[in-house]
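The structure under discussion appears below in the form of structure tokens.
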2 protein chains.
Amino acid sequence: MNRLVSVIQALKAKGVRLTSERQLILRRAVNHLHFSAEELVNDVRTIDRSVSRMTVFRTLTLLQNAGLVEKHDFHYGPPYYEVTYGKAHHDHLMCMRCGEIIEFQEPRWEPMQEEAAKRYGYKLLSHTHKLYGLCGSCQTRNNGKPVHKAPKLHVEEIVA
Amino acid sequence: MNRLVSVIQALKAKGVRLTSERQLILRRAVNHLHFSAEELVNDVRTIDRSVSRMTVFRTLTLLQNAGLVEKHDFHYGPPYYEVTYGKAHHDHLMCMRCGEIIEFQEPRWEPMQEEAAKRYGYKLLSHTHKLYGLCGSCQTRNNGKPVHKAPKLHVEEIVA
DNA sequence: GAATATTTGTTACTCAGTATCAACTAAGAA
DNA sequence: TTCTTAGTTGATACTGAGTAACAAATATTC
Ligand SMILES: [Zn+2]
Ligand SMILES: [Zn+2]
Ligand SMILES: [Zn+2]
Ligand SMILES: [Zn+2]
């Protein structure tokens, strides 16, 4: 089944009204992998100029609260969003130079996180795990893409 | 040796000029564990009103670039800063209701992250790993402290 | 249909962070 | 020391993402 359709079904199942604006926003959102709010605004308004910036923001928070969309902070610029509904949980690996984002799974980690939380009497509800580095091509050459402002590195790597 | 002294020594070793403003800012910063920029501004200006907001921000970025301070995004409000110089690497566990932050170490994870990055041809430079949940007391009672806006939960927990 | 509730777009606003720039201060050379 | 230069600071203005308010438009209920 089409990804857009399944997301729409999930929305309806939650009793959320599906307006034409929301449908367009969703249609564009599922087309991107990770996108900033402002990118989505531009993308949507390229198609239909009558949809306002506000509605895009409002829809994004609506989708977040419904648990269909996740907000990521990658330490660079604005937060990125991702339609996670129907996707298996994954963590992220990002190239600090070209910005490429790789999604990967490491099943061994998930139970260990529960364990760590329990050790301190916490009930674990969610987590974020992001790796930052240099992709293969950026290790060997500056590939011309814009360079991100480096997030702070571990001390060991800086003094080295 | 005093923590403030060792941080100052590290700064000097990097050839950064230690002005009286910077010394005050550092002195207050090492006194807090995790703090927002604006909190530090208020704290510093309570002691010396003549130190400007700008200088606090500038000093924070200076310290970040020098690798002495780390910036955390906890999904709530503004980013938090932490003087990490001389501290062993650790990850964070945060209570979504009362905001308590626990620092913990999980040595088994660190090599696994290197491994995961390598799997995709990446050179790992840094990472962030944050767990969100409810602390012991917040699981059983609303403790009166302000409730954070919940970060998005995993889908499984929302539909449940 | 009328009455009610939800969604939308416009506009104005907030608030953290940044840019500018002149005044100030410290370091270096002569 | 004095001259020169470079680095630092504070006031002010600005940016840009996100939010609040509110009236118009639309959908839902009776
Ligand atoms: Zn994970
Ligand atoms: Zn992803
Ligand atoms: Zn770690
Ligand atoms: Zn910490």
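Computed over heavy atoms, backbone and side chain alike; hydrogens, waters and symmetry mates excluded. By convention in this document, chain letters (A, B, ...) are assigned in the order of the sequence lines, proteins followed by strands, and residues within each chain are numbered from 1.
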| message | Between B:Lys123 (side chain only) and A:Gln139 (backbone N and O only), is there a donor and an acceptor less than 3.5 Å apart? | response |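 It does not hold such a pair.
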| remark: A correct 5'-to-3' footprint of nucleotides 20-30 of chain D, with B, S and - meaning base, sugar-phosphate only and no protein heavy atom under 4.0 Å, is B------SS--
| field | Structure string for DNA chain C in dot-bracket form, Watson-Crick and G-U at under 3.5 Å, | interchain | value | ||||||||||||||||||||||||||||||
| query | Picking from D:dT8, D:dT19, C:dT18, which would you name as closest to the side chain of B:Phe57? | reply |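 It is C:dT18.
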| query | With B:Arg108, which residues qualify under side chain to side chain donor-acceptor pair (under 3.5 Å), at least two apart? | reply |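 Side chain to side chain donor-acceptor pair (under 3.5 Å) list for B:Arg108, sorted by chain: A:Glu115, B:Glu106.
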| field | B:Thr19 side chain near C:dT25 phosphate (N/O to OP1/OP2, under 4.0 Å) | value |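 Answer is no, no contact under 4.0 Å.
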| Do the side-chain N or O atoms of A:Thr55 get closer than 4.0 angstrom to the phosphate oxygens (OP1, OP2) of C:dG9? |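 For A:Thr55, the contact criterion (side-chain N or O under 4.0 Å from OP1 or OP2 of C:dG9) is met.
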| Any ring-ring contact (aromatic ring centres under 6.0 Å, His included) pairs touching residues 40-70 of chain B, not counting sequence neighbours? |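 Listed once each, the pairs would be none.
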| Pairs satisfying ring-ring contact (aromatic ring centres under 6.0 Å, His included), at least one member in residues 5-34 of chain B, at least two apart |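 Qualifying pairs, neighbours excluded: B:His34-B:His72, B:His34-B:His92.
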| In terms of the nearest nucleotide of DNA chain C, which residue is placed more toward the 5' end: A:Val56 or B:Arg53? |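 Of the two residues, A:Val56 wins.
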| request: Could you tell me whether A:His127 and A:His89 have their ring centroids closer than 6.0 angstrom? | output: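 Under 6.0 Å, so yes.
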| field | Sorted by number, the residues of residues 21-45 of chain A with heavy-atom contact under 4.0 Å to DNA chain D | value |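 A:Ala37, A:Glu38, in order of number.
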| task | Take A:Ile47 and A:Leu24 through the test side-chain contact (heavy atoms from CB on, under 4.5 Å) and record every step on the way to the result. | result | CA-CA 9 Å; A:Ile47 296 176; A:Leu24 170 58; 4.1 Å; yes
